[in-house]
Amino acid sequence: MLALVDANSFYCSAERVFRPDLNGRAVVVLSNNDGCVVSRTSEAKVLGVPMGAPWFQLRDQARRSHWDLTAFSSNYTLYGDMSRRFMSVLAQFVPPEDQSVYSIDESFLDFSKHTHLHPDATALGHTIRDRVRVWTGLPVCVGFGGTQTLAKMANHIAKKQPRWMGVCDLTALAEPALHALLSEVPVGDVWGIGRRLSAQLIDGGISTAADLRAADPKRLRERFSVVVERTVRELQGARCLGWETEPPAKKQIISSRSFGAPLYTADDLMAPVHAHAARAAEKARAQGSVAGRVGVWLTTNPFRPQDPQHTPSRSVALPSPSADTAVLAAWSTALLRSIVRPGYRYVKAGVVLDDLRPHTEHQGSLFDAPRPGRAAQADRVPSRGEEWDAKRAQLMHVLDTANIKWGSGHLGVGWSGIRAKQDWSMKRDMLSPCYTTNWDEVRAVS
DNA sequence: TCTGGGGTCCTAGGACCC
DNA sequence: TCTGGGGTCCTAGGACCC
């Protein structure tokens with residue numbers, strides 16, 4: 001028996017914890033740069049606010065229609081910390097190997113070895129819900145099923161259908177009741193079935209979760225892929241998906257962002273590209289990786305068809321894998337200069353690190369100074385190249401330590417060290433305080 | 001004026017090897 | 001007329017997720 005616990009409108013709910021005046025009122029949280037709606041409360045949904053709505057359009061409509069709608073810029077520092085609290089409450093219910101944190105706002109719990117402790121899953125679900133609510137302030141729903149896909153389905157039903165009171169246990173239903181319930185769920189709401197597959201399945205006469213569950217997995221594999229086959233088998237109760245208790249190291253790291261205002265020349269673009277390279281390098285170091293490949297891309301604004309469009313990208317295999325900010329930034333800005341063309345209005349840039357591997361598997365370049373073969377030559381005098389590497393590693397360590405202590409971007413190299421607000425920096429006009437992570441922004445109660 | 005950012009997995013096809 | 005069999009590695013593109 002697996003549970004999926006998922007927070008309702010997570011980002012909005014995190015904001016509401018410290019703004020109880022907003023309970024029962026329409027709230028949205030916007031993407032970076034105050035772009036689109038990425039989280040909305042049920043009250044906002046009732047107003048007709050679609051997911052993904054651009055804020056500049058929504059704001060005008062809200063004004064015209066005199067809506068009571070509160071918007072927030074994304075505050076990932078707050079959401080990340082609230083997520084950590086939420087997950088630590090869930091960690092009390094099962095041993096670490098039976099918790100699988102799936103995203104910032106949802107976690108699977110495997111109770112299959114602990115059913116004797118919890119004979120009544122629905123009661124357990126309510127206990128979880130109440131404890132998370134009391135200890136973190138977050139509202140959550142709980143779904144139970146025999147596989148991850150079924151637990152996801154149960155959670156979805158608990159959220160959509162109020163009669164479940166936030167907890168749905170599919171394992172307690174007899175076959176006819178289960179079939180009837182799954183017949184109410186559109187196939188596109190099944191985990192793993194997106195827009196494209198959903199359209200094709202409906203074409204083929206499979207329009208509900210119940211239809212998909214009744215389908216022949218082998219035939220769907222022939223028609224689509226092994227991914228769809230696994231989804232069908234999971235719906236039928238066979239566990240086909242892996243269980244990850246801690247997030248595996250990233251295979252690719254991206255840092256990208258839209259600019260606050262468009263940029264035109266390579267010189268304009270140097271600072272943001274340099275900053276992305278620095279951020280990506282920092283992420284790579286944090287997981288103990290080095291990158292074998294680095295890439296840069298730019299985009300113009302696809303929503304302005306009247307503008308000439310240019311979305312160049314280019315990547316390069318590094319002579320020697322690296323997570324050094326200065327090295328990655330130098331390659332990135334060189335790539336930038338090779339792809340940017342005059343006369344375009346660029347609105348976004350990104351840096352991507354690929355071919356990530358553990359720094360311990362460091363593969364030197366043929367032309368590097370020779371390296372010793374570990375312990376066998378431990379007493380050997382280090383070469384100039386090795387001394388240099390060690391110094392660089394120390395330098396990066398100082399950089400990371402300083403930025404952890406004083407905040408990301410506080411200490412930087414070259415271009416990205418300039419902290420002054422610039423026109424490429426992100427728009428965040430409606431940012432809430434970091435209530436839980438910054439002493440200066442903690443709520444005062446008098 | 002203004003439209004997010006970050007990932008994974010799978011498959012097909014091309015290039016290459018013996 | 002007729003042109004093998006068995007592989008690997010890499011990349012691009014398409015699908016999905018939050």
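Since this is a predicted model, take the numbers as computed values, not measurements. Within every chain, numbering begins at 1; the chains are lettered A, B, ... in the order of the sequence lines, protein sequences first and strands thereafter.
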Using a heavy-atom cut-off of 4.0 Å across all strands, would you classify [X] as base, sugar-phosphate, or nothing?
| X | answer |
| --- | --- |
| Ser255(A) | sugar-phosphate |
| Phe224(A) | nothing |
| Leu30(A) | nothing |
| Arg345(A) | sugar-phosphate |
| Asn32(A) | sugar-phosphate |
| Ile253(A) | sugar-phosphate |
| Asp105(A) | sugar-phosphate |
| Trp191(A) | sugar-phosphate |
| Arg257(A) | sugar-phosphate |

Between [N] atom [atom2] and [X] atom [atom1], what is the distance in whole Å?
| X | N | atom1 | atom2 | value |
| --- | --- | --- | --- | --- |
| Leu353(A) | dG5(B) | CG | P | 17 Å |
| Asp307(A) | dC2(B) | CG | P | 8 Å |
| Tyr346(A) | dT3(B) | OH | P | 17 Å |
| Lys250(A) | dC17(C) | NZ | P | 18 Å |
| Leu4(A) | dC18(C) | CG | C1' | 12 Å |
| Leu298(A) | dG5(B) | CG | P | 14 Å |
| Asp34(A) | dT1(B) | CG | P | 18 Å |
| Tyr102(A) | dC16(C) | OH | C1' | 9 Å |

Could you go step by step and tell me if His114(A) and Asp98(A) meet the side chain to side chain donor-acceptor pair (under 3.5 Å) rule? CA-CA 10 Å; His114(A) 320 291; Asp98(A) 291 329; 2.9 Å; yes
From the list dC10(B), dA15(C), dC18(C), which nucleotide is the closest neighbour of the side chain of Gln200(A)? dA15(C)
Kindly point out which of dA15(C), dT11(B), dT3(B) is positioned nearest to the side chain of Gln57(A)?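 Comparing dA15(C), dT11(B), dT3(B) against the side chain of Gln57(A), the answer is dT3(B).
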Verify side chain to side chain contact (heavy atoms under 4.5 Å, CB included) between Phe111(A) and Leu124(A), making sure each step is shown before the conclusion. CA-CA 10 Å; Phe111(A) 285 102; Leu124(A) 170 63; 3.7 Å; yes
Assess whether ring pair (Phe, Tyr, Trp, His ring centres under 6.0 Å) is satisfied between Tyr102(A) and Trp191(A), documenting all intermediate values. CA-CA 13 Å; Tyr102(A) 179 68; Trp191(A) 190 36; 5.3 Å; yes
Can you tell me if the side-chain N/O atoms of [X] get under 4.0 Å from OP1 or OP2 in [N]?
| X | N | answer |
| --- | --- | --- |
| Ser31(A) | dT3(B) | no |
| Lys251(A) | dC9(B) | yes |
| Lys152(A) | dC18(C) | yes |
| Ser258(A) | dG5(B) | yes |
| Arg304(A) | dC2(B) | yes |

Starting from the 5' end of DNA chain B, give me the residue, Arg230(A) or Asn301(A), whose nearest nucleotide shows up first.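 Nearest nucleotide further toward 5': that of Asn301(A).
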I want to confirm an ordering. Mapping Gln252(A) and Arg221(A) to their closest nucleotides on DNA chain B, which one lands closer to the 5' end?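 The residue closer to the strand's 5' end, by nearest nucleotide, is Gln252(A).
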Atom NE2 of His179(A) with >12 non-hydrogen neighbours under 6.0 angstrom: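 Atom NE2 in His179(A) is not crowded, with 12 or fewer foreign heavy atoms closer than 6.0 Å.
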Work out how far the P atom of dT3(B) is from that of dC18(C), and round it to whole angstrom. 25 Å
Thr208(A) backbone acceptor or donor facing Asp211(A) side chain under 3.5 Å: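 Between the backbone of Thr208(A) and the side chain of Asp211(A) there is a qualifying donor-acceptor contact (under 3.5 Å).
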Less than 3.5 Å apart, any donor N or O on the side chain of Glu234(A) or Thr231(A) sitting next to an acceptor on the other?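 There is no such pair (donor and acceptor under 3.5 Å, judged by atom type) between the side chains of Glu234(A) and Thr231(A).
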Before giving the answer on side chain to side chain donor-acceptor pair (under 3.5 Å), spell out for Asp267(A) and Thr265(A) the whole-Å C-alpha distance, their side-chain angles and the decisive distance to 0.1 Å. CA-CA 5 Å; Asp267(A) 284 343; Thr265(A) 68; 5.2 Å; no
